[in-house]
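Scroll down for the structure; my scribbles are underneath it.
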Amino acid sequence: MDWVLLSHVAVFAVSALACVASLPRVRRIRHADTRRGLAGLLLSVAVWSVGYVGYLLAPTAAASTAWYTVGFVFAFVAVGAWLYFCAAYTGRPPRRAPYRNVALAVFGILTALKITNPLHELYFTTAWTTEPFIHLEIRHQVLYWLVLGLSYVVIGVGFFMLLERFHYTGADSRPLVVLVALTGIPAVATVFGDRVEWLLPLMYEPPGVAIFAVGTLFVYHDRLETIRLTGTSDEPAIYLDREDRVRDYNVSARRILPSLEESVGEPIGSVNASIAERLDGGGVCTLEHTGDSREGDSREGGTRDEGVRFYEVASTPFTAGDVPTGRLVTITDVTDREAYRRRLEVRTEQLEALNRVVRHDIRNDMAVILGWMETFRGRVDDDLEAVLDRVLRKGNDIMELTETVRDFIDALSEEGAVDLRPVDLRSSVRSELEAVRETFPEATFRLVDDAGTSRVRANGMISSVLRNLLENAVRHNDVETPEVTVAIDGREETVRLEVRDNGPGIPDERKEEVFGKGEKGLDSPGTGIGLYLVHVLVRQFGGDVWIEDNEAKGAIFVVELQRADPTGNEDDPAADDEDRGAAGDGGAVGDSGDDAPASGDPSSRDRDPNL
């Protein structure tokens, strides 16, 4: 047998055997798409090589053409498998690739043209020749060179993906770069095959793919895997083995931890003790920053502030079966979140201090003032009685305001961690109506009750919602005799409460503003803290509040709350007792001060029971 023929057969046969022998090792790759892509590449190259061996050894022109067509088609399949593998390995999901359907359609058309080439001969023609040995010579046509150029463009995209990933890794990727380069070298023989006497005009890429497969799966498998793991994260990432030694890291990790340089094989504890302490339980640690520029930083300006920054450490274990093989440690910059959390802690402390002042100091002092002012009733001239009434009224307004402020602070403090329980809305409404009738004797209040279920998911703060809605209906009314109607409507999943008034109404453009929605609390253009408090509390209860127009005149404030008993069971006396206790619970009894009137003084009835 001619040595040129023998060498060609040997090259392609060995390539096919190497690809097939590498297939079992592909199962060690944990990433599914990467595993599928590499398996598809090896299979297609193996069939490609077998097709060329059959072409070289077939005794007849028909058999030789058939074998060549098989190899020719699977060479094109290998191009697609290569791109699939490169995309998956570098973290670009192949199944979400742009123009994927168009690419598949083009692939189908070109494959059909290859299979039907004997009919149109757009790809190649054939003729027997004796140089450099007797074989069926393939003479490529224009379509072949166009498709070959397209294939090399696609292959080049895959090379770029891999080299980019290798560039941004912390491990020594030079062996893999060499393997990738070796994969591309046979392309030179493909391009110049028809100009070299001892080369046939074939595609010689299979040997390169075989070398890549053997090198990555048998020699540098661990390095291939660690580079993929660290490279798939935009956040700083470190890959550790099962003894917590550094196996790889990405460029982002090296920028925030310069000690990672040349640290592959070293314990993570010797690189950074704070990160090592948080491997199992996670948590936030601090790292010193020098303000270095970050390539590709998503932050404005692409730089980090100098000084200490906060990072959250998270660890993802990797196992082979039940055996741990390592872990991927991601280090996320949470400086902004940590600064916000600390601001919230300061804010909470300030609210607690303000709450103590409102609950104790201001209210106790006002109780003392009102108590002493009540002792002047009947003891001043008629001219001063009106002044005394005005002082007492304003003093009671201040007491009501401090109660609203107290509820507002409680609502802010409890936001995100609210304890809800069944509350009898009907009982709470009656209690608040009784209180508001004493405060506004000039107003008329009515309750319209459908006698259905009224148990809702709320807590003792429901009284603040009702009080603010009822007082708002009177305070912002422009008629001589305000009329307020409260309606309760029990529904299948919710209970709806309506507070209707005969005031001036609210324009549509202000129906959202009055609750301060979309604004920043007290800075909103709403009617004040009371309605904002209503909005905050109802939201905490899992309900909703909005405003509608009353039929004749005025506005309707609608509150919709979740039913506490969607099954309709209302016969729970224990819960009713709890509701009554919640409605009357106002807080701890405080010291009224040494200067307060004696407990038997009639003025004591005007003191707030929450003191």
Side-chain angles (χ1 to χ4, degrees), residues 340 343-344 347 350-351 354-355 358 397-398 400-416 418 425 428-429 432-433 436 439-440 443 445 456-459 461-480 482-489 494-562:
Y340 179 68
R343 288 197 302 270
L344 285 181
R347 173 190 171 192
Q350 293 171 342
L351 286 175
L354 179 59
N355 209 359
V358 171
D397 288 344
I398 293 175
E400 292 175 3
L401 179 60
T402 59
E403 186 174 352
T404 301
V405 171
R406 180 201 66 190
D407 292 345
F408 178 73
I409 294 173
D410 286 343
L412 290 180
S413 301
E414 294 177 2
E415 195 161 9
V418 183
L425 183 61
S428 299
V429 168
E432 292 303 320
L433 283 175
V436 80
T439 306
F440 302 102
F445 297 91
V456 298
R457 287 180 53 78
N459 55 32
M461 298 293 283
I462 189 67
S463 61
S464 182
V465 172
L466 299 172
R467 180 172 64 252
N468 279 286
L469 289 176
L470 293 172
E471 291 180 357
N472 178 78
V474 178
R475 292 185 188 280
H476 297 279
N477 206 309
D478 58 353
V479 299
E480 184 176 351
E483 296 180 0
V484 181
T485 301
V486 181
I488 300 175
D489 181 13
T494 62
V495 176
R496 178 172 292 189
L497 171 78
E498 295 183 357
V499 178
R500 310 165 186 163
D501 64 57
N502 62 338
I506 299 175
D508 291 341
E509 63 271 14
R510 284 186 47 79
K511 283 185 170 65
E512 293 287 331
E513 288 183 357
V514 296
F515 294 110
K517 293 182 179 179
E519 303 295 333
K520 294 184 178 179
L522 298 178
D523 295 331
S524 71
T527 58
I529 190 175
L531 290 181
Y532 180 72
L533 175 61
V534 169
H535 167 62
V536 171
L537 290 174
V538 171
R539 184 177 60 184
Q540 289 181 350
F541 298 158
D544 196 10
V545 57
W546 67 91
I547 302 173
E548 298 176 355
D549 294 325
N550 208 348
E551 290 184 0
K553 180 187 178 185
I556 303 176
F557 283 75
V558 183
V559 176
E560 191 169 60
L561 300 174
Q562 297 295 319

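Just so you know, these numbers use all the heavy atoms, side chains as well, and skip hydrogens, waters and symmetry mates.
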Exercise. Taking D501 for the side chain and A555 for the main chain, is one N or O donor matched with an acceptor at less than 3.5 Å?
Worked result: yes
Heavy-atom closest pair (I488 atom, V429 atom, distance to 0.1 Å) is CD1-CG2, 4.1 Å
Is there a side-chain contact between V436 and F445 (heavy atoms, below 4.5 Å)? yes
Residues at least two apart in sequence or cross-chain that pass salt bridge (Lys or Arg N to Asp or Glu O under 4.0 Å) with E483, listed by chain then number, are none
Give a yes or no on this: more than 12 heavy atoms of other residues, nucleotides or ligands lie within 6.0 Å of atom CD of E551. no
Heavy-atom check, side chain of I462 versus side chain of F541, under 4.5 Å: yes
Applying salt bridge (Lys or Arg N to Asp or Glu O under 4.0 Å) to R457 and not counting sequence neighbours gives none
Rounded to the nearest 0.5 angstrom, the CD1-CZ distance for I547 and R510 is 9.0 Å
Correct closest heavy-atom pair for E498 and R496 would be OE2-CD, 3.8 Å
Value for CG (D544) from NE2 (H535), rounded to nearest 0.5 Å, stands at 8.5 Å
Closest non-hydrogen contact found for L466 with E432 is CB-CG, 3.8 Å
Shortest non-hydrogen pair, N472 vs H476, comes out as OD1-CD2, 2.9 Å
_Donor-acceptor pair, side chain of N468 and main chain of S464, under 3.5 angstrom_ = yes
**Prompt:** Under 4.5 Å between any side-chain heavy atoms of V499 and V484, yes or no?
**Reply:** yes
In terms of heavy-atom contacts, D478 and N502 come closest through OD1-O, 4.5 Å
For F557 and F515, take the angle between the two ring planes, folded into 0 to 90°, and tell me which bin it lands in: parallel under 30, tilted 30 to 60, perpendicular over 60. perpendicular
Fill in: N/O donor-acceptor pair under 3.5 Å between K511 side chain and I506 backbone
yes
For G503 and N477, the nearest pair of non-hydrogen atoms, with its separation, is CA-OD1, 3.4 Å
Sub-4.5 Å side-chain heavy-atom contact between L497 and L561: no
